[in-house]
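Here is the structure we will look at, set down as structure tokens.
Owing to the predicted nature of the structure, the values given are computational and were not obtained by experimental measurement.
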Amino acid sequence: MALDPYKRLFRLPGVRTLLLVGLIARIPTTATGMALTLYVVNGLGLGFGQAGLVTMASTVGMAVGSPLTGRFVDKYGLRPILTVTTAAQAAFWAGAWALPYAGLVVAAAVAGLLGQPVFSVIRQCLAAMVPVEHRRAGFSLDSMLVELAYMVGPALAVAGMTTLGSGPTLAAIAVGLTGSGVALIALNPPTRSAEELKAPAMKVPRRQWLTPAFVALLGTVAAATFVLTATELALVGTMEHAGQTPWIGLAVAIWCLYSLAGGFVYGGLSRGVSPLALIAGMGLLTVLASLAGGDWWWLMLALLPAGVLCAPSLSSTVDTVSRWVPAGARGEAMGFHGTALLIGGALSAPVAGAIIDAHGPAWAFVVAGLIGVAMVLVALPFWRRRPQPVEAPPTVVTEPAEPVVATS
């Protein structure tokens with residue numbers, strides 16, 4: 001696997017800084033769901049049902065707000081939107097401890113609606129800073145960093161709640177989110193390339209890009225996260241049923257490493273693969289993983305083929321969005337992509353949980369994988385009528401010049 005795509009990516013001005021800031025900024029964001037759950041259960045002394053209602057309110061707010069903030073970024077620029085959303089997050093997390101339960105539910109929904117668009121903004125800025133021929137490596141690396149953030153953020157939330165308590169942990173998240181927002185405001189990465197900014201300013205009507213093919217793409221994005229969330233829950237359920245609960249953290253970490261390895265390899269390929277093929281393959285291989293029996297490490301081996309397709313599946317959908325959607329609507333489109341990710345995960349948790357309770361974890365693998373394949377089959381007819389890739393202006397990349405030898 002060639003490292004040249006990543007070497008060329010890192011030579012692009014500002015890309016390394018953007019990816020590093022994006023990783024750090026995402027860690028407090030990934031900690032919020034776990035922190036809210038543990039705060040309601042441990043801090044307020046309520047049940048997991050009430051905690052689930054708070055996280056659901058936050059998720060619904062984020063699902064609605066993601067495309068809206070993306071549209072505002074397209075219209076007004078990055079800094080004004082980050083200023084408003086960072087202030088909203090600082091206010092919510094600094095004052096959440098003082099709210100009664102009913103107020104917490106409402107405030108969580110509002111905070112979700114005004115959530116920092118960190119995930120979509122990093123992807124939007126990558127699309128602006130990275131030429132088309134390097135975006136596969138860029139989005140693959142971004143997916144790997146998202147995986148790392150999700151490995152670190154929830155673990156830090158658990159550690160904070162169990163060692164420091166709910167008050168200091170919520171305050172730490174407030175500081176983290178505020179710092180992340182300030183860092184991105186200071187960095188102010190471009191949301192459009194220099195060549196795109198030179199093009200005549202035109203309003204991009206939604207009908208130009210919000211087509212049936214784009215909606216079908218969003219459906220496959222939701223299906224991918226449905227499969228991933230259900231796989232994680234089924235993995236946890238399998239190990240609990242086998243009496244291997246102490247090893248759950250290690251098993252999930254190994255599964256994440258599969259995804260990291262797959263993303264790294266995919267980003268170095270000379271040609272990309274259709275998101276439909278990747279998501280369908282991940283679904284079929286997840287079904288096959290249900291056949292694993294015996295000790296838990298047999299299951300981990302069985303999940304290897306599907307695991308290596310996780311990051312490539314998601315990064316390929318981001319790459320497709322960047323190619324299909326004009327620069328003037330890229331923020332809103334990335335926001336819809338984020339909403340699809342949230343919807344897939346939100347639908348998967350109760351469905352997979354009910355299947356595990358009623359029929360066992362093996363059937364959760366089967367159902368999740370089949371749903372992923374079914375969504376790909378639904379999307380296929382629309383995919384054939386997909387829009388032509390947006391013709392991006394040529395991006396000039398400054399690299400060290402070769403020495404020139406004068407000849408006579």
Should Met129 and Leu12 count as side-chain neighbours, where that means a heavy-atom distance under 4.5 Å? no
Nearest non-hydrogen partners of Thr320 and Ser316, listed with the distance: OG1-O, 2.8 Å
Between Asp74 and Gln124, is there a side-chain heavy-atom distance shorter than 4.5 Å? yes
Before you tell me yes or no, could you show the steps for Thr317 and Ile279 under side-chain contact (heavy atoms from CB on, under 4.5 Å), namely the whole-Å CA-CA distance, both residues' side-chain angles and the distance that decides it to 0.1 Å? CA-CA 10 Å; Thr317 62; Ile279 295 170; 4.2 Å; yes
Looking only at heavy atoms, the pair that brings Leu341 and Leu314 closest together is CD2-CD2, 3.9 Å
Going by heavy atoms in the side chains, are Thr225 and Ile343 under 4.5 Å from each other? no
Run the side-chain contact (heavy atoms from CB on, under 4.5 Å) test against Pro154 and tell me which residues pass, sequence neighbours left out. Thr30, Met34
d(Asp319 CG, Arg135 CZ) to nearest 0.5 Å is 7.5 Å
Can you sort out the partners of Arg136 under salt bridge (charged side-chain N to carboxylate O under 4.0 Å, His left out), two or more places apart, ordered by chain and number? none
When rounded to the nearest 0.5 Å, the distance separating OG1 of Thr229 from CZ of Phe226 is 8.5 Å
Nearest heavy-atom pair of Gly263 and Ala311: which atoms, and what distance? CA-CB, 3.8 Å
pair Val84-Phe72: side-chain heavy atoms closer than 4.5 Å: no
Pairwise side-chain contact, Phe119 with Val318, heavy-atom cut-off 4.5 Å (strictly under): no
Does the plane of the ring in Phe336 sit parallel, tilted or perpendicular to the ring in Phe214? Use 30° and 60° as the thresholds. perpendicular
Sequence neighbours left out, what passes salt bridge (charged side-chain N to carboxylate O under 4.0 Å, His left out) with Asp142? Give chain and number order. Arg26, Arg123
Would you call Pro117 and Leu82 a side-chain contact if the rule is heavy atoms closer than 4.5 Å? yes
Minimum-distance pair of heavy atoms, taken over all atoms of Leu299 and Leu235: CD2-CD1, 3.6 Å
Residues forming a salt bridge (charged side-chain N to carboxylate O under 4.0 Å, His left out) with Arg206, sequence neighbours excluded: Glu332
On the 0 to 90° scale, with breaks at 30° and 60°, tag the Trp324-Trp383 ring pair as parallel, tilted or perpendicular. tilted
For Met161 and Ala35 the tightest heavy-atom approach is CE-O, 3.2 Å
To the nearest 0.5 Å, what is the distance between CG on Leu68 and OG1 on Thr339? 8.5 Å
Between Ser120 and His337, does the side-chain contact (heavy atoms from CB on, under 4.5 Å) criterion hold? Intermediate values first, please. CA-CA 8 Å; Ser120 59; His337 183 276; over 6 Å; no
Separation between CD of Gln89 and CG of Leu114, rounded to the nearest 0.5 Å: 7.5 Å
If you round to the nearest 0.5 Å, how far is CD of Glu240 from CG of Leu233? 10.0 Å
side-chain contact (heavy atoms from CB on, under 4.5 Å) between Ile81 and Val121, intermediate numbers included: CA-CA 11 Å; Ile81 308 309; Val121 158; over 6 Å; no
Does OH belonging to Tyr76 count more than 12 external heavy atoms closer than 6.0 Å? no
Within-4.5 Å side-chain heavy-atom neighbours: Leu141 and Leu9: yes
Please round to the nearest 0.5 Å and tell me the distance separating atom CG of Leu257 and atom CG of Leu304. 11.0 Å
Would you call Val54 and Tyr101 a side-chain contact if the rule is heavy atoms closer than 4.5 Å? yes
For Pro361 and Ala234 the tightest heavy-atom approach is CB-O, 3.5 Å
Residue list, side-chain contact (heavy atoms from CB on, under 4.5 Å) with Thr32, at least two apart or on another chain: Trp93, Ile173, Leu177
By the definition side chain to side chain donor-acceptor pair (under 3.5 Å), identify the one residue from Thr85, Thr29, Thr86, Thr69 that meets it with Gln116. Thr86
Begin from the C-alpha positions of Thr191 and Arg330 and carry the test side-chain contact (heavy atoms from CB on, under 4.5 Å) through to its verdict. CA-CA 8 Å; Thr191 57; Arg330 194 181 286 146; over 6 Å; no
Quick note, side-chain hydrogen bond (donor to acceptor under 3.5 Å, both in side chains) partners involving residues 147-169, not counting sequence neighbours, are Glu147-Ser259
